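Residue numbers start from 1 in every chain, and the chains themselves are labelled A, B, ... in the order their sequence lines are given, proteins ahead of strands. Just so it is clear, the structure is predicted and the values come from calculations on it, not from any experiment.
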Amino acid sequence: MGIPFFRGLREQLKLCFKVQNGWGIWVDVLSDAFCVFGMRILLIHADRFSFRVTGETTAALPGELDKSKSEGDVSEALVVFMAAEKGDNANVGSVADRVTEEVLTLAAQIGAENLVIYPYAHLSSSLSSPRVAVKLLDEIFTRLQSHNHLKIIRAPFGYYKAFEISCKGHPLSELAKTITPSGHADKADEAEESQAIKAEKTLESEWMIMTPEGKSAYSGPAEGFSFATRPNLQRLFRYEKSGSRISEQSPPHIDLMRRMELVDYEPGSDQGNFRWYPKGQLIKRLAETYVSNFNTRYGGMQVETPIMYDYQHPKLNLYLQRFPARQYVLLSDQKEYFLRFAACFGQYLIQHDMQISHHHLPCKLYELTHYSFRREQSGELAGLKRLRTFTMPDLHTLAKDMEQAKEEFVRQADLAIECLEGFGLDFEVAIRFVRDFAEQNKPFVQDLVSRCGRPALIELWEERSFYFVAKLEFNFIDALDKAACLSTVQIDVENPERFDITYVDESGEKQHPLLLHASISGSVDRVLYAILETQAIRMKRGQKAAFPFWLAPVQLRIIPVSEKFDKACREILSGIPYRIDYDDRDSSMGRKIREAEREWIPYILVVGAKEVAGGYLNVRTRDGAQRKMTLPELLAEIEPQMKGKPFLELPLPQDIARRPIFVG
RNA sequence: GCCAGCGUAGCUCAGCUGGUAGAGCUGCUGAUUUGUAAUCAGUCGGUCGGGGGUUCGAGUCCCUCCGCUGGCUCCA
């Protein structure tokens, strides 16, 4: 098939459908192609259609080609472009039946007697195996042949073909359909199914619990562990093992993220793409700065890479072939690009081009992926927990050998622990290993668990079915007892070779290093989810919610007893170098206190005649206590809470009377 | 994506079996100048998610699309 023809057709179709139906069929085909499994067919009623074979493809399996079938030319035909997608092999018979029915129905409606069956892989990016595709095409062909009034031309499978088409352009002349399998599997496919189940079984794993060494150390089956002191670890284990969830409520952070004017839905975008109000944006920026500081202090060299990549890039394409399900795809001129789902690609491509010697190892690249995109299924989205567009710190470390990889692994685990603690988050540890690796590295495993300082859930795989041999996860358990992974560190044994990343060793030989993937905090959006859920849990227990001081959008608020103290308040404002604001609105003090409490403001300073006369501050804190303090005393109390944490200015008007309302 | 529930003012929600929309909060205006979680009064504000249909008449019934939530699946 000639690419120019293909491009021309695509443009033409896009225009046709926009005019006729008001929506762009091609855009739809592209976006849906990554989440629906089925047979895709594109039906065109054509005045004329011709094709000729131009060469063999490498990906598919060309069969014997009869000279007479290498080209075709027909007038007044219904041309059926088809692509078999993964999933069809569940029941080839039923899919063939339904495709045949669709084709016959349309052919009758438009009165077409000539049919063209045209294998057209480009309708899908999630193709079935060529074997299944050919089988399906055979079955459809056989079924159609039984209708004697139809003349059928069949373009060969597994060849590049050029074609010309002249579409009639009437309302029924162009239709795109997806046929999904239904009914029970037929005999020939049962074997295939059970093979799939077999593959699934090798994924089965053993679950253990290992505790830090000590008096009551435990290392054994997860079922035999007493979870009495770690209820959340038990929740994680259940969640991982069974995947069952019980909840009719929506997660409390969703209400909080809106009520606190942090983040909100954006119906004007795609699902899972949120708008960030000033307070939320501030928290996000602080969190990003905080975690980036961990990465750069550790030696991560910060880079920035493109958010979109060539769909046809040979190396990236391999990756996508393996995980084809969920990308955003976009067109630029005639080329297809996918939006990155992590920083991996960009960094692999940089590392591939770098000159690296063993002197440079371990070599660490860091990026804050602002943004990463995953086209999650709509039903999988959940507030800030699961988004389609998210921000994530991504650190990639090249290591000389396994010893060095393990050494860096534990250092990164330490960073992750410190980082999550700084956010005020509790977490449960899960570590997943390929069994051989765990058995050959027992001291490493025990050391890792000890550093985490809590019992860890260990999963052991018999075989490596992903790119890593070891994966550490810190999981957060939310107010509805659901788990979400935050930090992770992984040892990748596959991608340096795939992306041809090399370093030069002591004897001048090129070697593939090992690669550590780490996200010190996990997704920044998800960190905010975890912070808000943590506060929801506190409130459920009757405690007051609070942001960690360094993250509080407003850290201090001055409330005057009356307008008369305006001047005194403004003097105090200028002497406090934190995010402080001033409630200068015309309302009662009681109301102002209430509103400040509802905003979780850590320090409320009430200023009236007594304070002005006495030269002290009256400080109300989250615990409800009121204390008389001097300014230096207050500053001395605040200072340690900011230690090692970033600071950014108040992103709102300081006078509240001048501040607009974003939500409510 | 599939199945289910939901979508009424900026926010939270009421509106029975179809008769043409209501409250509180917010906002605005005025009064009030307040001592630690809601001062009082007046007032603005609605293509009842979008489109189509049934009907003399639709927030209410039907279809369809969009969005949110839950479950399934998924989470490289």
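Atom OH in Tyr309(A) sits about 19 Å away from atom P in A76(B), given to the nearest Å. Protein atom CD of Glu240(A) is 11 Å distant from nucleotide atom P of C75(B), rounded to whole Å. Rounded to a whole Å, the CD atom of Glu261(A) is 11 Å from the C1' atom of U26(B). Counting to the nearest Å, the C1' atom of G35(B) and the CD atom of Glu563(A) are 16 Å from each other. The distance between atom CZ of Arg594(A) and atom C1' of U39(B), rounded to the nearest whole Å, is 14 Å. At whole-Å resolution of the value, CD in Glu595(A) and P in U36(B) are 17 Å apart. Atom C1' of nucleotide C68(B) and atom CZ of Phe274(A) are separated by 10 Å, given to the nearest angstrom. One can place CZ of Arg386(A) at 12 Å from P of G70(B), the figure rounded to the nearest angstrom.
Nearest to the side-chain atoms of Ala609(A) among the listed nucleotides C68(B), A37(B), G35(B) stands G35(B). When each of U73(B), U33(B), U36(B) is scored by its nearest atom to the side-chain atoms of Gln626(A), the top-ranked nucleotide is U36(B). Of the candidate nucleotides U26(B), A76(B), U34(B), U26(B) has the atom lying nearest to any side-chain atom of Ile661(A). If you check A37(B), G71(B), U34(B) against the side chain of Lys482(A), the one that comes closest is G71(B). Checking A37(B), C75(B), U69(B) against the side-chain heavy atoms of Arg598(A) singles out A37(B) as nearest. Closest approach to the Ile254(A) side chain among U36(B), A37(B), U69(B) is made by U69(B) (side chain taken as heavy atoms from C-beta onward).
A residue-by-residue look at Phe373(A) and Arg388(A) shows that Arg388(A) has its nearest nucleotide of RNA chain B further toward the 5' end.
The side chain of Lys564(A) contributes no N or O atom lying less than 4.0 Å from OP1 or OP2 of G35(B). Phosphate proximity of U26(B) to Arg591(A): present, with a side-chain N or O under 4.0 Å from OP1 or OP2. Within the 4.0 Å cut-off from OP1 or OP2 of A37(B), at least one side-chain nitrogen or oxygen of Arg620(A) is found. Not one side-chain nitrogen or oxygen of Ser250(A) sits closer than 4.0 Å to the OP1 or OP2 atom of U69(B).
Nucleic acid contact class of Ala382(A) (heavy atoms, under 4.0 Å, all strands): none. Within 4.0 Å (heavy atoms only), Pro251(A) reaches sugar-phosphate atoms of the nucleic acid but no base atom. Contact annotation for Phe662(A): no contact, since no heavy-atom pair falls under 4.0 Å across all strands. Within the nucleic acid shown, Val561(A) comes within 4.0 Å of at least one base atom, counting heavy atoms only. Across all strands, Gly590(A) comes closer than 4.0 Å only to sugar-phosphate atoms, never to a base (heavy-atom distances). Within the 4.0 angstrom heavy-atom criterion, base atoms lie near Lys544(A). Using a 4.0 Å heavy-atom cutoff across all strands shown, Glu266(A) reaches no nucleic acid atom at all. Residue contacts shown for Arg258(A) are limited to sugar-phosphate atoms, with no base heavy atom under 4.0 Å away. When heavy atoms are screened at a 4.0 angstrom cut-off, Gly383(A) is found touching the sugar-phosphate backbone but no base atom. Nucleic acid contact for Ile604(A): none, since no nucleic acid atom lies under 4.0 Å from a heavy atom of the residue. Gln271(A) comes within 4.0 angstrom of sugar-phosphate atoms only, judged by non-hydrogen atoms across all strands, and of no base.
Judged by distance alone, with hydrogens and angles left aside, the side-chain atoms of His370(A) form no donor-acceptor pair with the main-chain N or O of Met392(A) at under 3.5 Å.
G35(B) and C13(B) have their C1' atoms separated by 35 Å, with the value rounded to a whole Å.
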Review point. So Ser487(A) and Leu420(A), side chain to side chain contact (heavy atoms under 4.5 Å, CB included) or not? Walk me through it.
Key: CA-CA 8 Å; Ser487(A) 319; Leu420(A) 292 191; 3.5 Å; yes

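A heavy-atom distance below 4.5 Å is found between the side chains of Glu367(A) and Thr305(A).
Val291(A) and Pro393(A) make their closest contact through CG2-CG, 4.0 Å (heavy atoms, listed as atom of the first residue, atom of the second, distance).
By the stacking rule of 5.5 Å between ring centres and under 30° between planes, Phe341(A) stacks on the base of A76(B).
We find that Arg627(A) and Glu633(A) are not joined by a salt bridge, their nearest charged nitrogen and carboxylate oxygen being 4.0 Å or further apart.
Ring orientation note: the planes of Phe237(A) and Trp207(A) are nearly perpendicular, at an angle over 60° on the 30°/60° scale. Aromatic ring pairs are classed by plane angle as parallel below 30°, tilted from 30° to 60° and perpendicular above 60°; the pair Tyr265(A) and Phe274(A) is perpendicular.
Checked by distance alone, Glu597(A) brings no side-chain donor or acceptor within 3.5 Å of a matching partner on the base of A38(B).
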